[in-house]
Every structure is written in C-alpha cells, then in structure tokens.
Amino acid sequence: MRRDNLNLIIADSSRLGTRMLEKILAPLVDVTLCRDPAQLETALASEPAPRLCLISHQWPGLETWLASDQQHRPGVVLLASPDSDAKRLAHLCEDHDAGILYRPYEPAQVMREVLHRTALNGPQPARPAPADTPRQTTDPAPEKHEPDGAALLARDRAFCKRHGLPHSVVAIRIQDHGGLVRELGSDVVTNAEESMFEALQQRLRQEDGIVLREPGRMALTLPGTPPLGARVLAHRLCAWLQKAEFEINDFHIHFTIAVGIHCLDSESAESAESALEEAQSACLVAHANHRSSAVHLSDLASELAIHHHAQPDETDGEEDTPETEPPESPAGPATDPETLWQNVENVLQESRSDGDSAREAVMKKLTGVLRHLDENERMALVDELLLASALPES
C-alpha cells in the first residue's frame with residue numbers, strides 16, 4: 001500500500017477515538033483529523049481528494065451530509081459504539097452504502113474495512129478484452145460443491161475461540177412461507193428464494209458464511225462480529241427486503257423475515273450445533289412477533305451486548321431504559337454526598353498492601369455505576385482518565 005495512493009479523513013470529536021484510529025492507520029496511509037464540520041469541509045475540498053471518510057455516527061448533521069453530493073463524496077465508514085442505535089446504523093448503512101467500525105477498534109478490523117471500502121470507492125481496473133478462443137461445447141461445467149455448514153460453523157467457532165474474537169450466528173425465517181407456497185406455488189416461491197439468496201450473498205463479507213439453507217429459512221456464521229454488528233446486519237436485511245422485489249413468472253414477490261441472533265462466548269465450551277439451535281430458537285420468538293420484520297437476541301447474546309440490562313423478550317432491536325436502583329451506601333441513605341465520596345477516596349488512597357480487597361470492591365462498584373452514563377459522558381471520562389495517566393504521580 002503506497003501512502004501517495006490512499007488518503008483518508010477521520011471525523012470524530014473524541015480525542016480517544018481519533019487517537020486510536022490515527023495510531024493504527026497513520027503508519028500506512030495519509031490521515032487528516034477533523035473535530036468539527038468546518039475542518040471536515042476544508043479537508044473534503046483539499047487535493048488530492050480523499051478516498052475515504054471515517055466519521056462518527058454522532059457527527060452534527062450527519063444525515064444531511066450523507067444525503068448531499070453523493071457523487072463527489074468519498075467512501076464512508078461510520079464510527080459507532082456498543083451503545084449506538086442498531087436500527088439507525090442499519091438504515092444509514094443501507095441508504096448511503098456506508099461501512100461501519102465499532103469501538104474498541106481492533107487493528108485487523110480497521111484495516112479490513114478500510115481496504116474493502118477504498119477498493120469499492122477507488123478506480124476500477126480496466127478489464128482485458130476477451131481472447132478469441134473456441135467455445136467449449138463438449139466439456140460440462142464443473143460441479144459446484146457446497147461446503148458443509150456444520151463444519152464451517154465449527155471451524156469459525158474454533159478460530160474465534162483461539163483468538164478471543166466475538167462470534168455471532170444469525171438465523172433467518174421467511175414469514176408466512178407456507179402461505180406464499182399455497183398462493184403462488186412451490187416452484188415460484190423456490191425461484192424467488194433463490195434470487196433472494198443470491199442477492200443476500202452479495203451483502204455479506206468474504207469471511208461470513210451460510211451454514212444452513214432450507215425452504216423458508218437459512219443461518220449465517222459471522223466470525224469476529226459482536227452482538228451490535230449482528231443486529232445492524234439483521235436490521236439492514238429487514239430494511240432491504242422491505243424494498244426489494246423479485247419477479248418470477250410475472251409475479252412480483254416481496255419477502256419479510258424474522259431474525260434470531262445468538263453470540264458465542266469465547267470462554268464457553270458451547271458447541272457449534274448448540275449455537276445454531278439457540279439462534280433458531282431466537283428466530284422462532286421473533287417469528288411469533290406481530291411486527292412485519294422482527295429481530296430477537298438470545299439470552300446469551302443480550303448478556304454479551306453492552307446493553308445487558310435489556311429485557312430478554314425484546315424483538316424490535318430497541319431496548320427499554322432499565323429501571324435501576326441507587327447503590328446502597330455503607331453509611332445509610334441520609335449520609336451527605338461529600339462524606340460518601342470521602343469514604344471512597346480514602347479507600348483508593350490506602351496502600352495496596354493494606355486495602356487490595358477494599359480497592360477491588362470499590363473499583364468493581366464504580367465500573368458498574370459508570371455503565372449508566374451515556375456515551376458522550378463515558379467518552380469524556382475516558383479522555384480525562386487518559387490525561388490523568390500521563391501526569392506524574394504526586
């Protein structure tokens with residue numbers, strides 16, 4: 001990869017986000033950092049024109065910017081966090097052909113998405129003219145052998161466990177499949193499913209795979225994909241099928257789907273077969289929902305997601321705000337807040353040899369409480385912690 005051949009923009013007001021991405025990308029490509037819309041406009045107008053823009057999903061006026069001047073806009077990758085709205089991200093990606101990166105950023109994930117997006121957005125090489133060769137009429141086309149789905153899922157499972165990566169399994173059902181067959185006939189529905197299947201394959205990454213394909217249902221393996229990534233993909237597929245139309249024998253067929261998501265913990269000994277069953281069970285719950293297109297997470301997928309407080313019966317991908325009780329204070333509810341903080345501060349200032357267990361308990365409690373901050377508050381807090389860690393100890 002040549003530096004003069006690839007330049008990109010990182011548009012993110014977070015010091016932490018830009019610093020991590022710059023550390024990954026700057027040794028390989030030319031990077032321009034933008035922290036406000038004015039800087040972004042200047043960078044977009046510079047020469048040579050940037051090939052790619054990595055932009056925060058919370059960027060001011062993001063939807064307007066994405067919708068304007070699409071012909072001259074660089075390729076777009078949205079920067080999201082586990083707290084982001086999966087439905088909104090799905091619609092942004094689907095409507096504007098954008099990629100997505102999730103915090104915390106992994107170098108392999110970042111480079112894979114950057115290379116993929118710049119290849120899509122870059123100049124396409126000219127195809128060589130076909131040579132005048134005699135047409136082969138006697139030799140039949142080689143037979144295609146479909147890979148064994150269970151073996152593929154087990155392989156991805158082993159790879160993700162070995163490298164400590166997230167792994168999602170997505171089950172999909174066509175809603176009212178039996179009714180479509182009765183109304184249109186099995187041949188028409190089968191051909192429409194085949195068209196949908198081929199179109200769906202084009203929307204998957206190279207490392208993703210199809211591990212189950214039967215009339216009315218299928219299942220996908222998504223190695224390296226966290227729960228949020230699987231949910232965004234599920235909502236993208238639902239949104240796409242709401243607009244897609246498959247024409248078979250003068251019939252114009254629309255499909256709606258139900259999606260179940262299961263995520264495997266890299267620490268667990270769960271088998272690939274069990275993971276597929278869990279995804280299918282979650283899909284059945286979504287299939288029973290009254291919505292035209294529904295997404296449901298398994299219990300483990302909900303626990304592994306950052307929104308671990310979400311209700312387990314969610315089917316639309318949106319979490320209700322959990323009801324939380326204020327943490328108990330050791331000195332009772334009437335204790336002055338300043339006194340409470342003094343107690344915590346005293347524990348943290350104790351020598352490690354005397355207060356390791358107390359410090360550990362306090363840090364665990366603080367971590368749980370900080371999960372109730374919103375995304376901007378957490379990012380600001382992390383920035384301050386990074387600055388504090390750079391200061392010499394007093």
Side-chain angles (χ1 to χ4, degrees), residues 1 5-12 14 17-18 20-26 28-34 40 43-44 49-59 61-124 165-166 168 170 199-209 220 222-240 317:
M1 185 187 301
N5 199 34
L6 179 58
N7 58 320
L8 55 84
I9 295 171
I10 301 175
D12 192 345
S14 163
T18 52
M20 292 300 296
L21 288 172
E22 183 184 23
K23 185 176 181 181
I24 295 170
L25 294 170
L28 301 172
V29 299
D30 291 325
V31 176
T32 301
L33 302 180
C34 300
L40 177 59
L44 290 172
R51 293 271 298 280
L52 193 65
C53 181
L54 280 61
I55 186 167
S56 169
H57 74 290
Q58 293 186 321
W59 190 261
L62 175 62
E63 283 84 352
T64 303
W65 180 78
L66 287 173
S68 64
D69 197 19
Q70 293 195 20
Q71 184 177 359
H72 299 93
R73 192 192 64 209
V76 174
V77 176
L78 300 177
L79 305 176
S81 76
D83 273 348
S84 306
D85 186 335
K87 273 191 173 181
R88 175 174 176 266
L89 290 176
H91 283 290
L92 289 176
C93 292
E94 187 68 21
D95 294 342
H96 304 287
D97 191 26
I100 190 166
L101 286 171
Y102 309 102
R103 288 194 291 264
Y105 304 121
E106 296 289 342
Q109 175 200 23
V110 172
M111 292 309 303
R112 180 180 62 202
E113 189 66 27
V114 166
L115 291 173
H116 174 64
R117 285 289 150 183
T118 50
L120 290 179
N121 194 55
Q124 300 297 323
L165 298 173
S168 298
V170 174
L200 183 145
Q201 283 186 308
Q202 302 300 318
R203 294 172 174 269
L204 299 179
R205 304 171 304 173
Q206 185 175 6
E207 62 268 32
D208 299 334
L220 313 174
L222 310 178
T225 301
L228 175 63
R231 289 179 56 197
V232 169
L233 174 62
H235 286 297
R236 289 190 68 178
L237 294 179
C238 291
W240 162 59

Heavy-atom check, side chain of L62 versus side chain of R88, under 4.5 Å: yes
CG on L44 to OG1 on T32, rounded to 0.5 Å: 9.5 Å
Check: I9 and L40 side chains under 4.5 Å, non-hydrogen atoms: yes
Which heavy-atom pair separates Y105 from Y102 by the least distance, and what is that distance? CD2-O, 3.5 Å
Give the C-alpha distance, both sets of side-chain angles, the deciding distance and a yes or no for side-chain contact (heavy atoms from CB on, under 4.5 Å) between L220 and D208. CA-CA 7 Å; L220 313 174; D208 299 334; over 6 Å; no
side-chain hydrogen bond (donor to acceptor under 3.5 Å, both in side chains) partners for R203, two or more places apart: E94
Looking at every heavy atom in both V110 and L101, which two are closest together, and how far apart are they? CA-CD2, 3.9 Å
Looking only at non-hydrogen atoms, find the nearest pair between V76 and L52 and report the distance. N-CD1, 4.0 Å
Show your working on side-chain contact (heavy atoms from CB on, under 4.5 Å) between C53 and W65 and close with a plain yes or no. CA-CA 12 Å; C53 181; W65 180 78; 4.0 Å; yes
Rounding to 0.5 Å, atoms CG (L21) and CG (L33) come to a distance of 9.0 Å
Taking C-beta and beyond as the side chain, do C93 and L78 meet within less than 4.5 Å on heavy atoms? yes
Residue pair A80 / H57: nearest heavy atoms and the distance that separates them: CA-ND1, 3.7 Å
Show your reasoning for whether side-chain contact (heavy atoms from CB on, under 4.5 Å) applies to H91 and E63. CA-CA 10 Å; H91 283 290; E63 283 84 352; over 6 Å; no
With sequence neighbours excluded, tell me which residues meet side chain to side chain contact (heavy atoms under 4.5 Å, CB included) with A230. S168, V170, L222, T225, I261
Identify the two heavy atoms, one from A199 and one from W240, that lie closest to each other, and give their separation to 0.1 Å. CB-CZ2, 3.5 Å
Closest non-hydrogen atoms of E113 and I100, given as atom of the first, atom of the second and distance, are OE2-N, 3.8 Å
Once you round to the nearest 0.5 Å, how far does CG of L92 lie from CD1 of I55? 10.5 Å
Stepwise side-chain contact (heavy atoms from CB on, under 4.5 Å) check, L25 with M111: CA-CA 8 Å; L25 294 170; M111 292 309 303; 3.4 Å; yes
By side-chain hydrogen bond (donor to acceptor under 3.5 Å, both in side chains), which residues pair with E207, not counting sequence neighbours? R112, R205
Between atom CZ of R51 and atom CG of N7, what is the distance when rounded to the nearest 0.5 Å? 8.0 Å
Can you tell me which residue among I24, L54, L8 is in a side-chain contact (heavy atoms from CB on, under 4.5 Å) with V31? L8
